[in-house]
Asks: 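Let me give you the structure first, and then I'll get to my questions.
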Protein chains: 2
Amino acid sequence: MIDVAREAGVSAMTVSNVINGRPGVSAETRLRVLEIVSKLGYQVNLAARNLRAGRSGAIGLIVPDIDRPYYAHLAGRLAAGLERRGLHLVVERTGGDAERELEALSYGRLHRYDGVIVSPLRVAAGDLDRLRFDTPVVFIGESPVPTIYDHVMMDNVGGARAATRHLITTGSRRIVIFGGRRELDVDDMPSLRTRGYLEAHTELGVEVDEQLVVEVESFDPGTALRAIKELHAAGIEFDGVFALTDAAAMGVLRALTDLGIAIPHDVQVVGFDNGTETEFLVPRLSSVEPGNDAMAERVLELLERRISAVDHPDDPPEAVTTVVNAQLVLRETTR
Amino acid sequence: MIDVAREAGVSAMTVSNVINGRPGVSAETRLRVLEIVSKLGYQVNLAARNLRAGRSGAIGLIVPDIDRPYYAHLAGRLAAGLERRGLHLVVERTGGDAERELEALSYGRLHRYDGVIVSPLRVAAGDLDRLRFDTPVVFIGESPVPTIYDHVMMDNVGGARAATRHLITTGSRRIVIFGGRRELDVDDMPSLRTRGYLEAHTELGVEVDEQLVVEVESFDPGTALRAIKELHAAGIEFDGVFALTDAAAMGVLRALTDLGIAIPHDVQVVGFDNGTETEFLVPRLSSVEPGNDAMAERVLELLERRISAVDHPDDPPEAVTTVVNAQLVLRETTR
DNA sequence: ATGAAAGCGCTAACAT
DNA sequence: ATGTTAGCGCTTTCAT
């Protein structure tokens, strides 16, 4: 910058003013400076600017894993939205490890960013409660989060209820919930969706057989495939499957096809996520659209609000919990 | 840091030395400083350190889009590998726009990073040739890249040849190449894979009908679905499909199923990418495994080499082009 | 073993 | 309209 200033015969301050489009520079000087800037190929040093401003221009996204459609999609939406706001996204993976999640949320680590978006997976709400930070943070996802933080989540209960209601009203009576929970002691994603599943049964007066609640470690298609085959081998009958994720539903479809069971005639299937793949599976998968795009937009709104409030530490904005509407999308795996 | 120094009764310099584990500090002082550090919850200011060091600790990944399995997977692998090296990944999306790709590769933008990994999609090799930068950069992917840069790519020709050879040796004679190119004037991904397709035909003495080369704008499943249905409607017969991506193959499977064509009995199908979904499609998709993990590892090796060479600008390492082996994985869509 | 000084590149605040 | 000063937090260099 000093080179530019010297070359243009002005002070560094004037160059700074020109570059940042600040007023108080004559048109003539501005032009001359801009010319030298491009001639010398000058570019601001962001480290210096950030040091000076006490900001980094970076928003952190802390997720268990990006190599999964849900997070990848989320990251894509957020990155696009942030770009529009002149910020950029830095992705941090925790691998779904409680310790690494807490680490990433440590005071110092958060300070690298102007704002942080966290999708916690394993950290207990109690641990989150004990955290202390002044960085703007918005939580996202299904895990329980203390209400003192901004939190955007999808309507897990509502989505699951809608899916299950549809299965029941179209005639299914023995509906497997793949990935469900027997004990609803915490408010994590599987429990919430199981709650929706149970509510639908209660509302429509259908009994739930505990055998149909399949608890699993992982939602990958392979696990789902094996689970369904085991269920079948054990002679447990069912005429519907509510899979807690599309990935799991994929495995379910695969298993039913292998077993020669007709979809949706003998068994109906509904997934959750409404991913791109749903349209192209055989048969096309009915799924719950959780409103991911609306979620991303809402997250950015809240984060922006919190970031601009950094300058007024006296009255922080009230913490907001937003639940984004979910919607059932019917395709060929349901009647 | 000054606070820590004062509290510990030493100079900022000593604190700096302790934090960075440099020698020349008595064990006693070290201990005292560390204690104060944790008591005060002190964390280094990265902006300042970077300003001073002229580094940022950030590696840029410039890709068309992260919301796609291929790039998401790549990003995941790279992020994990970089973390191990004490660096972190910053993802930049270009949206597959030639102009934005060039912009991201401008001297100044690159300077934000200690190193950059670029997966160009639309930028012409000629434009890349004209670029001038001193940031370590490794190119990745199928687009043609001047040989003066490090470049890691998959074996597009070999993979496509293997896939096509298999289709032919198992009896297919009229093989659609979905996403292929009629003109092989540039070395982009579709052209390279088409070359493999043609080579296999030549080697095995089978003629290629130009009608079977389906050129498309996009590899999404929807486009593939429509294209196959149009082909069928036009009365063009075929008994095999080589889809240039798994996503496209998904649409192909969907279309064939809709048309009541038996896979692999009447038509065999092979995809390319060997994504997670392949195992769970109905029927399971045979696909070319391009060695993505090996690619990511190789990219990081090359980048590391170039980064450590920054201090010796006199003898830069020679540019290396690595082709990672591809392998055909047979599942149920082939005989 | 420890510290003082200087400066990385930028910009807010205060001159002129 | 433009310039001067000072300092963001750190580390390299050169004392002590």
Side-chain angles (χ1 to χ4, degrees), chain A residues 1-37 40-58 86 107-114 134-135 310-313, chain B residues 1-37 40-58 86 107-114 134-135 310-311:
Chain A
M1 177 183 263
I2 290 179
D3 296 346
V4 175
R6 191 183 11 248
E7 185 89 7
V10 297
S11 78
M13 203 52 234
T14 301
V15 176
S16 171
N17 286 331
V18 169
I19 286 166
N20 295 286
R22 276 186 285 253
V25 184
S26 73
E28 190 194 355
T29 310
R30 177 181 307 278
L31 230 59
R32 188 154 35 90
V33 169
L34 285 175
E35 203 172 314
I36 311 274
V37 161
L40 264 50
Y42 165 80
Q43 295 276 148
V44 292
N45 176 324
L46 288 174
R49 172 180 286 175
N50 292 337
L51 173 60
R52 182 65 238 235
R55 304 213 166 184
S56 68
Y107 187 85
R109 291 275 294 275
L110 290 178
H111 257 251
R112 302 208 289 222
Y113 305 112
D114 292 350
D134 45 20
T135 310
V310 166
D311 302 327
H312 319 284
Chain B
M1 178 181 258
I2 289 177
D3 296 344
V4 176
R6 191 182 13 244
E7 184 89 8
V10 297
S11 78
M13 203 50 236
T14 301
V15 176
S16 170
N17 285 332
V18 170
I19 286 166
N20 295 287
R22 277 186 286 253
V25 184
S26 72
E28 189 193 355
T29 310
R30 176 181 307 278
L31 230 60
R32 187 153 35 91
V33 168
L34 285 175
E35 203 172 315
I36 311 273
V37 161
L40 266 49
Y42 166 79
Q43 296 277 147
V44 292
N45 177 322
L46 289 173
R49 173 179 286 175
N50 293 336
L51 172 60
R52 188 62 240 240
R55 303 212 165 183
S56 68
Y107 187 86
R109 292 277 295 274
L110 291 178
H111 256 252
R112 303 209 287 221
Y113 304 112
D114 293 349
D134 43 19
T135 308
V310 165
D311 302 326

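All values below come from the heavy atoms of this structure, side chains included, with hydrogens, waters and symmetry mates left out.
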Asks: May I ask you to evaluate whether A/T14 reaches the phosphate of D/dA1, defined as a side-chain N or O under 4.0 Å from OP1 or OP2?
Replies: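 Looking at the OP1 and OP2 atoms of D/dA1, neither is under 4.0 Å from any side-chain N or O of A/T14.
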Asks: Figure out the CG/C1' separation between A/N17 and D/dT4, and round it to whole Å.
Replies: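 These atoms are roughly 13 Å apart.
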Asks: Rounded to whole angstroms, how far apart are CE on A/M1 and P on C/dG7?
Replies: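 About 19 Å, once rounded to whole Å.
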Asks: Consider the side chain of B/S11, meaning its heavy atoms from C-beta on, and name the nucleotide among C/dG3, C/dG9, C/dT11 that approaches it most closely.
Replies: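 When the side chain of B/S11 is considered, C/dG3 is the closest of C/dG3, C/dG9, C/dT11.
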Asks: Counting just side-chain N and O atoms, does A/R55 come under 4.0 Å of either OP1 or OP2 of D/dC8?
Replies: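 No.
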Asks: Taking 4.0 Å as the cut-off, does a side-chain nitrogen or oxygen of A/S26 come that near to OP1 or OP2 on D/dA1?
Replies: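 For A/S26, the contact criterion (side-chain N or O under 4.0 Å from OP1 or OP2 of D/dA1) is not met.
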Asks: Do B/M13 and B/N17 touch side chain to side chain, with heavy atoms closer than 4.5 Å?
Replies: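 Yes, at least one pair of side-chain atoms sits under 4.5 Å.
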Asks: Side chains of B/N20 and B/R49: closer than 4.5 Å at any heavy-atom pair?
Replies: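 Side-chain contact under 4.5 Å: yes.
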Asks: Please check: side-chain N/O of A/R32 versus main-chain N/O of A/A8, any donor-acceptor pairing under 3.5 Å?
Replies: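 Side chain of A/R32 to backbone of A/A8: a pair is present.
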Asks: Can you tell me which nucleotide in D/dG9, C/dT2, C/dA4 comes closest to the side chain of B/V25?
Replies: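 Closest nucleotide to the B/V25 side chain: C/dT2.
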Asks: If I take atom CZ in residue A/R22 and atom P in nucleotide D/dA1, what distance separates them, rounded to the nearest angstrom?
Replies: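 My rounded result for the distance is 15 Å.
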Asks: Using a 4.0 Å heavy-atom cut-off across all strands, classify B/R30 as base, sugar-phosphate, or nothing.
Replies: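 Since no nucleic acid heavy atom lies under 4.0 Å of B/R30, the category is nothing.
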Asks: Just to be sure I understand the rule, does A/N20 reach a base, reach only the sugar-phosphate, or reach nothing, if contact means heavy atoms closer than 4.0 Å?
Replies: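 Counting heavy atoms under 4.0 Å across all strands, the contact made by A/N20 is with sugar-phosphate only.
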Asks: Are any of the side-chain heavy atoms of B/I19 and B/S16 separated by less than 4.5 Å?
Replies: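 No. Closest side-chain heavy atoms not under 4.5 Å.
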Asks: With respect to the side chain of A/R52, which nucleotide from D/dG9, C/dC10, D/dT11 is positioned closest?
Replies: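 Of all the options, the side chain of A/R52 is nearest to C/dC10.
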Asks: Does A/S16 place a side-chain N or O at less than 4.0 Å from the phosphate oxygens OP1/OP2 of C/dT11?
Replies: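 It does, given that an N or O in the side chain of A/S16 lies less than 4.0 Å from OP1 or OP2 of C/dT11.
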Asks: Assess, by modelled atom type and distance only, whether the side chains of A/S56 and A/D114 contain a donor and an acceptor separated by less than 3.5 Å.
Replies: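 A pair is found: one side chain offers a donor N or O, the other an acceptor, under 3.5 Å apart.
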Asks: How close or far is atom C1' of D/dC10 from atom CG of B/N50, stated in whole angstroms?
Replies: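 Spelled out: CG on B/N50 to C1' on D/dC10 is 10 Å.
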Asks: Does a side-chain N or O of A/T29 approach OP1 or OP2 of D/dA1 to a distance below 4.0 Å, or not?
Replies: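 So the side-chain polar atoms of A/T29 never come under 4.0 Å of the phosphate oxygens OP1 or OP2 of D/dA1.
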Asks: Take the protein atom CG of A/D3 and the nucleotide atom P of C/dC8, then report the distance between them rounded to whole Å.
Replies: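 Taking CG of A/D3 and P of C/dC8, I get 11 Å after rounding.
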Asks: In whole angstrom, give the distance that lies between atom CG of B/L51 and atom P of C/dG7.
Replies: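 About 14 Å, once rounded to whole Å.
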Asks: Which of the following nucleotides, D/dG3, C/dA6, C/dG3, is nearest to the side chain of A/M13?
Replies: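 Nucleotide nearest to A/M13's side chain: D/dG3.
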Asks: For DNA chain C, whose closest nucleotide is more 5', that of B/A27 or that of A/A48?
Replies: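 The residue mapped nearer the 5' terminus is B/A27.
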Asks: Supply the atom-to-atom distance B/M1 CE to B/Q43 CD, rounded to the nearest 0.5 angstrom.
Replies: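 Taking CE in B/M1 and CD in B/Q43, the distance rounds to 11.5 Å.
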Asks: Between P on C/dA1 and CZ on B/R32, what's the gap in Å once rounded to a whole number?
Replies: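 These atoms are roughly 15 Å apart.
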Asks: CG of A/N45 versus P of C/dG7: gap in Å, rounded?
Replies: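 Between P of C/dG7 and CG of A/N45: 17 Å.
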Asks: Looking at C/dC8, I'd like to know if its phosphate oxygens (OP1 or OP2) sit under 4.0 Å from a side-chain N or O belonging to B/R49.
Replies: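 The answer is no; no side-chain N or O of B/R49 sits under 4.0 Å from OP1 or OP2.
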